[in-house]
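The chains referred to below are lettered A, B, ... by the order of the sequence lines, with proteins before strands, and numbering in each begins at 1. The basis for the numbers below is simple: all heavy atoms, side chains too, and nothing from hydrogens, waters or symmetry mates.
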There are 2 protein chains.
Amino acid sequence: MMKYSGQTRVLVAVDCIIFGFDGENFKLLLIQRGFAPQKQKWSLMGGFIQPTESLEVGAQRVLKQLTGLEGVYLEQIPAFSEPNRDPVERTIAVPYFALIDIQKYEAQLSTEYHAEWFLLTEMPNLIFDHQRMVEMAKMRLRYKAALHPILFELLPEKFTLPKLQTLYEKLYETTFDKRNFSRKVLSTGLLVRQEEKDKESSRKGAFYYKLDKEKYYDNFEAFLKFIPNPEKFLI
Amino acid sequence: MMKYSGQTRVLVAVDCIIFGFDGENFKLLLIQRGFAPQKQKWSLMGGFIQPTESLEVGAQRVLKQLTGLEGVYLEQIPAFSEPNRDPVERTIAVPYFALIDIQKYEAQLSTEYHAEWFLLTEMPNLIFDHQRMVEMAKMRLRYKAALHPILFELLPEKFTLPKLQTLYEKLYETTFDKRNFSRKVLSTGLLVRQEEKDKESSRKGAFYYKLDKEKYYDNFEAFLKFIPNPEKFLI
DNA sequence: CCAAAAGTGTTCACGATACACCCATGT
DNA sequence: ACATGGGTGTATCGTGAACACTTTTGG
C-alpha cells in the first residue's frame, strides 16, 4: 500500500471526562493509572486509538471497558496537542466528556482500573494536562446545558423535579426559583409525571417524572433553555 | 527515549475551511490538490501536523502558506477519524474553520496552490470527506454566529450596516427587518460610526462603521445575539 | 423629478422574573 | 402539633417583533 512519505505519525488518545450526579453533587470518575509514567497517580480514563476504530468508537470502547455501559452520551471537545504534553512520546489527546447515570454504573464497576468517583469539587491532582481537560469539559457542559436539554443523561429513569433543579443549581453554582423552574421545565412537555412519589427526601414526597423519550430525542439538539439569563453563565 | 509500546501511530492533518465574504455572498477558498491521490481535484487547504507544532499552530501555518495572513480567526471543529477516510493511509483530520477578510487576502494570494474563491453555493466536488467538513463548518458557523459577534472577522475594517446585515442574511438564508437589526447591533456599543460614507452601493450613501476594538475583544466570547429567534436556526 | 437605498420610532405581545402561601406527612 | 420539603398562581416588567414613512442624491 502506498503511504504519504516524509511525514511523522503520532499517537492519538481519547480521554474521557466522565460526569455523574449522585442526587446532591456532581462527580467525576477517575482511575489510578496502571502503567508508567506516573503510575498510581489519578488520571482520566483513556486509551490509544486503534487501527480500525474512529475516535468516537474508541471513546465508547474506553467507556465500556471502565463502566460496562454502552450508548453513553459523549461529546468531543477540542484536541490537546502541545508537542510535549506527554513526556513519554508525542500524543495528541482528543477528550470526550461523558454523561452517565451513576446508578446504572455502580453495579458494573470493574476493579481492574481502580476507578473511583470524586466530588467534582474535591478532585485530586491529575496527570499531564488532565486537569485542564476537566476544566474545559466543565465549561463546555455548562455552555451546552444552558441551551440544550442534555443533563437528563445524568439522571436515572425516574427522577423528581427537586432533584433536577439541584442538578442545574450545582452545575451553575447558583439557586433558581422553584416556581419558575418547574413551570419552564414542564412547559417543554418533555416530562411525564408518574403516580409514584419519592419519599426518601421529604415527608410529603415528590412526584417522580420520566422523560417522554420520543419528544426528548426530537428535542435533543433543540434550543431549550431551562435556566434564566444563560448569558451570565456562558464564559 | 522511552515509547509507548504496541500502539499504532497515525498521520494527523489539519484542514482549513476558509470563509470569506465579498460584500454580497459567502465564499470558500479552495485549492487544486498538487499531489496524488486525486491530484488536480479541488480540496480544502490542509497539511500534516509537524513534530514541533500544536494543531492550532499547524492550522495557522497552513493558512499563512496559502494566504499570507497571520492571526486569523480559527475554530476547531470535531475531528474526522473514520479509519478509511483517506485511501492512501490512515489519517485523522482535525478541521478548522477560518474567517478572513477577503480584501486583505487578495493581494497576497500565492499561486503555488492554484487557489480559487468559490461561491459557497457553487462549490465544486471536493476530495475525500471535505464536502462533509464544509457542511459541518457551515453548521458550526451558523451556531456560533447566532450567539457571538464573530462575523466581523469577515469584514474589512470599515463597513456599513447594510453590508453587515447582508452578511447575516446570507448566512441564515433569510431576511431581517433593518430597523430591528440596526437597533440591536448598535445597542451593543461595539460599533463606532465614521464621518465617511460608502457611496458605492447607493446614491444617498451609507455610513461606515468601525469596531470599537477594545469592546469587541472584551465581548468576543460574550453572548450577543444579532438575529431574532436564534433557536430557529440552530440545528 | 424620480428611482433607489438609507435611516429612523412606536406599539404590542409575550416571555421572564419576582414573589408567598397552602399541602402532605412522619415524628 | 409542628417541622420539613413539595407544590402551585399572579402581577409586573422588559425584551423582541412587527410595522411605514422620510431623507438623500445621482441621473
Side-chain angles (χ1 to χ4, degrees), chain A residues 23-24 146-147 149 155 158-170 172 174-210 219 222-234, chain B residues 23-24 146-147 149 155 158-170 172 174-189 191-210 222-234:
Chain A
E24 287 300 323
L147 304 173
L155 292 171
K158 295 184 306 187
F159 53 87
T160 66
L161 286 185
K163 283 276 185 278
L164 181 65
Q165 185 168 346
T166 303
L167 175 58
Y168 276 87
E169 290 180 340
K170 285 296 157 69
Y172 295 102
T174 184
T175 55
F176 300 116
D177 181 279
K178 64 178 172 177
R179 288 160 293 189
N180 293 334
F181 184 82
S182 77
R183 180 154 10 98
K184 200 180 283 198
V185 168
L186 293 176
S187 75
T188 63
L190 249 48
L191 299 192
V192 185
R193 196 167 90 174
Q194 308 299 113
E195 295 297 320
E196 193 189 355
K197 281 185 165 191
D198 166 31
K199 315 280 280 187
E200 298 281 304
S201 44
S202 78
R203 308 191 192 287
K204 183 177 177 181
F207 283 108
Y208 278 118
Y209 286 80
K210 284 187 183 178
N219 287 283
F223 207 73
L224 294 177
K225 299 184 298 186
F226 289 165
I227 65 166
N229 295 320
E231 53 275 26
K232 280 189 196 154
F233 303 103
L234 305 187
Chain B
E24 286 302 320
L147 304 173
L155 292 172
K158 294 183 307 184
F159 52 87
T160 65
L161 286 185
K163 283 275 185 279
L164 181 64
Q165 184 168 347
T166 303
L167 175 58
Y168 275 87
E169 289 180 342
K170 284 295 158 68
Y172 295 102
T174 182
T175 56
F176 300 117
D177 181 278
K178 62 178 172 176
R179 289 159 292 189
N180 293 333
F181 185 82
S182 76
R183 182 159 3 97
K184 203 180 281 198
V185 169
L186 293 177
S187 75
T188 63
L191 299 192
V192 184
R193 197 168 89 175
Q194 307 300 113
E195 295 298 322
E196 194 190 353
K197 281 185 164 188
D198 167 31
K199 315 279 282 186
E200 298 281 305
S201 45
S202 76
R203 310 193 192 282
K204 183 177 178 182
F207 282 109
Y208 278 118
Y209 286 80
K210 282 187 183 178
F223 206 74
L224 294 177
K225 299 184 297 188
F226 290 163
I227 65 166
N229 295 320
E231 54 275 24
K232 278 189 195 151
F233 302 104
L234 305 186

Atom pair distance, as rounded to whole Å: CG in A/Leu191 and P in D/dG6: 16 Å

Specify the closest pair of heavy atoms between B/Gly205 and B/Lys197, including all atoms of both residues, with the distance to one decimal. O-NZ, 3.7 Å

In whole angstrom, give the distance that lies between atom CZ of B/Phe207 and atom P of C/dA5. 18 Å

Integer-rounded Å distance: D/dA11 P and A/Asp177 CG: 17 Å

Look for any protein N or O under 3.5 Å of an N or O in nucleotides 23-27 of chain D and output each such pair with its distance, or none.
unit_1: D/dT23; atom_1: O2; unit_2: B/Lys204; atom_2: NZ; d: 2.9

Tell me every residue that passes salt bridge (Lys or Arg N to Asp or Glu O under 4.0 Å) with A/Glu196, counting only those two or more places apart in sequence or in another chain. A/Lys158

Closest to side chain of B/Arg179, choosing from C/dT8, C/dA20, D/dG6: C/dT8

Length of the CZ-P vector between B/Arg193 and C/dA6, whole Å: 14 Å

Residues in salt bridge (Lys or Arg N to Asp or Glu O under 4.0 Å) with A/Lys210, at least two apart? A/Glu157

In this structure, how many angstroms lie between the P atom of C/dG7 and the CG atom of B/Leu164, rounded? 12 Å

B/Tyr168 and B/Phe176: ring pair (Phe, Tyr, Trp, His ring centres under 6.0 Å), yes or no, with the steps? CA-CA 9 Å; B/Tyr168 275 87; B/Phe176 300 117; 7.2 Å; no

For A/Lys178, what residues pass the side-chain contact (heavy atoms from CB on, under 4.5 Å) criterion, not counting sequence neighbours? A/Gln165

Between B/Phe207 and B/Gln194, the two heavy atoms sitting closest are CD2-O, 3.5 Å

Whole-Å distance, B/Phe176 CZ to D/dG16 C1', equals 13 Å

Applying a 4.0 Å non-hydrogen cut-off, can you work out what A/Thr160 is touching in the nucleic acid: base, sugar-phosphate, or nothing? nothing

Salt bridge (Lys or Arg N to Asp or Glu O under 4.0 Å) involving A/Arg179 - partner list, sequence neighbours excluded: A/Asp177

What's the closest nucleotide to the A/Lys178 side chain, out of C/dT17, D/dT8, D/dA20? D/dT8

Distance-minimising heavy-atom pair for A/Phe181 and A/Leu161: CE2-O, 4.4 Å

Below 3.5 Å between N/O atoms, which protein atoms pair up with nucleotides 10-13 of chain C? Just atom names and distances, please.
unit_1: C/dT10; atom_1: O4; unit_2: B/Arg183; atom_2: NH2; d: 3.4

